[in-house]
Amino acid sequence: TQGRPTSRIKYIWDTATPYQPGRGMKSPVLFPNGTSIGTLYTQAHLTAELRATKQTIPATDVDGHGTACASVAAGNGNADKLPTGLERKEVVGVAPEADLIGVRMGYSGFENAFALSAAAEWLDKVAGIAPMVLSGSFGGQYTGHDGQTVRERHLSARFPLTKAKRAMVIAAGNDGDNGIHAMATFNATGKMIRWNSATNGAVKFYFDTADPIEVTGATVTKLDRNIRDEVNPITNQRQITLAVVAGQGGVQVRNASGKATEVHAYLLSDGGGFYSPERSFSHLVGSPGAAETALTIGSYDWNDSFANSPLPQAAPCLGPDNKLLPVLVKWLSCYSSPGPNRSVGVKRGASKPEIVAPGQYYTSANARSNGVTMNKRAVVDPTGYYRRMNGTSAATPYTSGIIALMFQKKPTLTFGQVRTALISKASKTGLNPFIETLPNKDWGYGKLDLAAVTAILGSL
């Protein structure tokens with residue numbers, strides 16, 4: 001009731017705020033020396049905070065991203081029923097009866113990613129016999145894009161397809177229209193890879209062989225002390241990291257053995273990209289979305305209005321062969337990161353993303369502290385309680401909400417059964433602008449639109 005609110009959030013594990021006696025409790029997982037990894041707040045702590053006249057818990061979402069994602073999955077829309085609200089149906093999440101558990105993995109980003117596997121284990125434990133969906137709207141381009149990092153292997157092991165009442169849903173990423181990836185084949189004659197970096201950064205090269213690779217060029221001469229050359233012990237493939245300075249650069253890669261070799265290069269800097277023809281709009285699903293069992297989600301454009309006003313027309317984005325692609329409702333979002341996974345043994349070219357869900361645009365909950373919007377860049381509606389949300393980060397909790405509805409109808413579903421239902425009943429038509437045979441690197445197995453959702457829920 002008004003003035004006596006009760007938190008819908010069962011727990012918030014804030015890994016970034018140091019534990020203080022009398023405020024929350026120690027984290028469920030401790031450092032080896034016994035120090036708490038942040039602070040854990042229970043539903044009782046959060047309810048007391050909501051009813052208090054003075055705020056005592058520091059803001060646990062300083063960007064507003066997690067709050068927005070949670071509302072897409074399970075928001076109840078109650079703020080829009082207040083006297084200043086607009087009573088819109090579109091602010092209600094997909095599964096408004098679901099319980100929520102929040103885990104803050106860093107201060108303003110993902111600095112505490114080391115705790116991801118521990119958080120997954122804890123979530124599995126506290127969910128108990130209740131069905132649970134891990135929804136992860138995060139990721140990055142810093143790995144081999146093959147799902148074989150220790151972190152990704154841990155997640156896949158914790159969420160096998162045979163496990164009942166559990167699912168793991170991860171965002172594909174928003175780098176689909178960024179030219180940060182290059183792909184080429186070469187042998188003893190070598191291949192030139194050229195880039196333009198807006199800032200000082202790095203280029204990471206991943207090869208499909210353990211053979212020694214010669215890397216030559218002016219950039220290497222200047223920065224050879226910063227080269228890291230190693231063979232990944234898990235994949236038995238060579239990877240080289242090269243520090244680069246802002247501006248144009250390039251190196252030649254060569255396999256002296258003469259063996260045909262495939263290289264994937266990723267530019268890790270704040271802006272810039274590779275030059276054609278080696279530039280490739282593919283193999284861009286981030287980590288941990290590349291994890292083998294993760295249900296990885298791309299985004300399509302589905303809504304052209306916010307706060308009862310039309311959204312401004314988005315500029316066309318650059319696609320394959322340097323073609324400008326329009327931004328049209330029902331089309332793939334230009335930013336949606338394409339797959340497939342990079343080649344590793346028998347898992348060569350695993351299909352990623354699995355499906356594409358609506359991500360562009362939502363009206364989602366706006367994170368505030370004492371009435372002040374936390375993210376100053378957020379586009380907020382007239383009520384102040386809701387903001388515009390966009391990206392594969394939004395498509396992911398939408399999918400998680402659909403899975404919550406699936407579990408509500410049939411709690412005993414395994415992750416494999418959930419996955420099969422989603423990819424088999426995803427819509428296979430109207431997949432513009434990429435209409436290659438499915439599964440493909442852009443749409444995966446299809447689109448999670450209303451027709452698909454109706455078929456999925458109707459089949460249970």
Side-chain angles (χ1 to χ4, degrees), residues 5-17 19 23-30 36-50 57-76 78 93-106 110 112-139 154-155 158-159 163-171 288 294-295 297 364-365 367 393-394 396-408 411 413 415 418:
T6 300
S7 175
R8 288 184 57 213
I9 302 175
K10 295 294 185 181
Y11 298 93
I12 291 180
W13 178 8
D14 180 358
T15 68
T17 302
Y19 167 68
R23 186 181 68 190
M25 56 193 297
K26 284 190 173 183
S27 62
V29 180
L30 306 177
S36 179
I37 305 176
T39 307
L40 178 68
Y41 303 104
T42 66
Q43 187 175 33
H45 292 136
L46 299 171
T47 296
E49 180 78 357
L50 286 173
I57 297 177
T60 56
D61 185 3
V62 298
D63 178 79
H65 183 267
T67 300
C69 290
S71 76
V72 171
N76 57 24
N78 282 354
V94 180
E97 296 178 355
D99 293 326
L100 292 165
I101 300 175
V103 182
R104 181 187 182 194
M105 296 303 297
F110 209 59
N112 292 343
F114 65 85
L116 180 57
S117 184
E121 181 180 32
W122 171 72
L123 288 168
D124 187 48
K125 185 181 301 182
V126 297
I129 62 172
M132 187 267 289
V133 187
L134 187 155
S135 186
S137 291
F138 50 78
H154 273 190
L155 287 175
R158 295 189 186 283
F159 290 86
K163 191 162 187 171
K165 302 184 178 183
R166 297 290 185 266
M168 174 174 60
V169 188
I170 307 290
L295 187 65
I297 311 300
S364 61
S393 284
T396 297
Y398 174 84
T399 306
S400 299
I402 296 302
I403 296 173
L405 297 181
M406 295 172 69
F407 279 139
Q408 191 173 34
L413 288 170
F415 186 14
V418 168

- Minimum heavy-atom distance between A120 and F159, given as atom pair plus value: CB-CE1, 4.1 Å
- Item | Close side-chain approach of K10 to V126, heavy-atom, < 4.5 Å | no
- Message: Under a plain distance cut-off of 3.5 Å, with no hydrogens placed, do R158 and S117 share a side-chain donor-acceptor pair?
- Response: yes
- Query: Would you say the side chain of R166 lies within less than 4.5 Å of the side chain of L123, judging by non-hydrogen atoms?
  - Reply: no
- Message: How long is the straight-line distance from CE of M132 back to CG of D99, given to the nearest 0.5 Å?
- Response: 12.5 Å
- If you measure from CZ on F407 to OG on S400, what distance do you get to the nearest 0.5 Å? 10.5 Å
- Are side-chain heavy atoms of L134 and I170 found at a separation under 4.5 Å? yes
- Message: Side chains of S393 and F138, heavy atoms from C-beta outward: is any pair under 4.5 Å?
- Response: no
- 4.5 Å side-chain heavy-atom contact, I12 and H45: no
- Look at the side chain of K163 and the backbone N and O of F415, then say whether any donor-acceptor pair between them is shorter than 3.5 Å. no
- Task: Taking T17 for its side chain and T39 for its backbone only, find out whether a donor-acceptor pair lies under 3.5 Å.
- Result: no
- Query: Is it true that a side-chain atom of R8 and a backbone atom of P96 form a donor plus acceptor pair closer than 3.5 Å?
  - Reply: yes
- Task: Could you tell me whether the side chain of N112 and the main chain of T15 form a donor-acceptor pair under 3.5 Å?
- Result: yes
- Message: Between S71 (side chain only) and A365 (backbone N and O only), is there a donor and an acceptor less than 3.5 Å apart?
- Response: yes
- Message: Nearest 0.5 angstrom please: I9 CD1 to T67 OG1, how far?
- Response: 7.5 Å
- Query: Under the criterion side chain to side chain contact (heavy atoms under 4.5 Å, CB included), which of V94, V169, V133 is the partner of I402?
  - Reply: V94
- Query: Side chains of K165 and I129: does their closest heavy-atom pair fall under 4.5 Å?
  - Reply: yes
- Where is the tightest heavy-atom contact between C69 and P397, given as atom of each residue plus distance? O-CB, 3.2 Å
- With side chains defined as the heavy atoms from C-beta onward, is the minimum distance between M105 and F110 less than 4.5 Å? yes
- Task: Report yes if the side chains of W13 and V29 come closer than 4.5 Å at any heavy-atom pair, otherwise no.
- Result: yes
- Determine yes or no for a side-chain-to-main-chain donor-acceptor pair under 3.5 angstrom, with S36 supplying the side chain and K26 the backbone. no
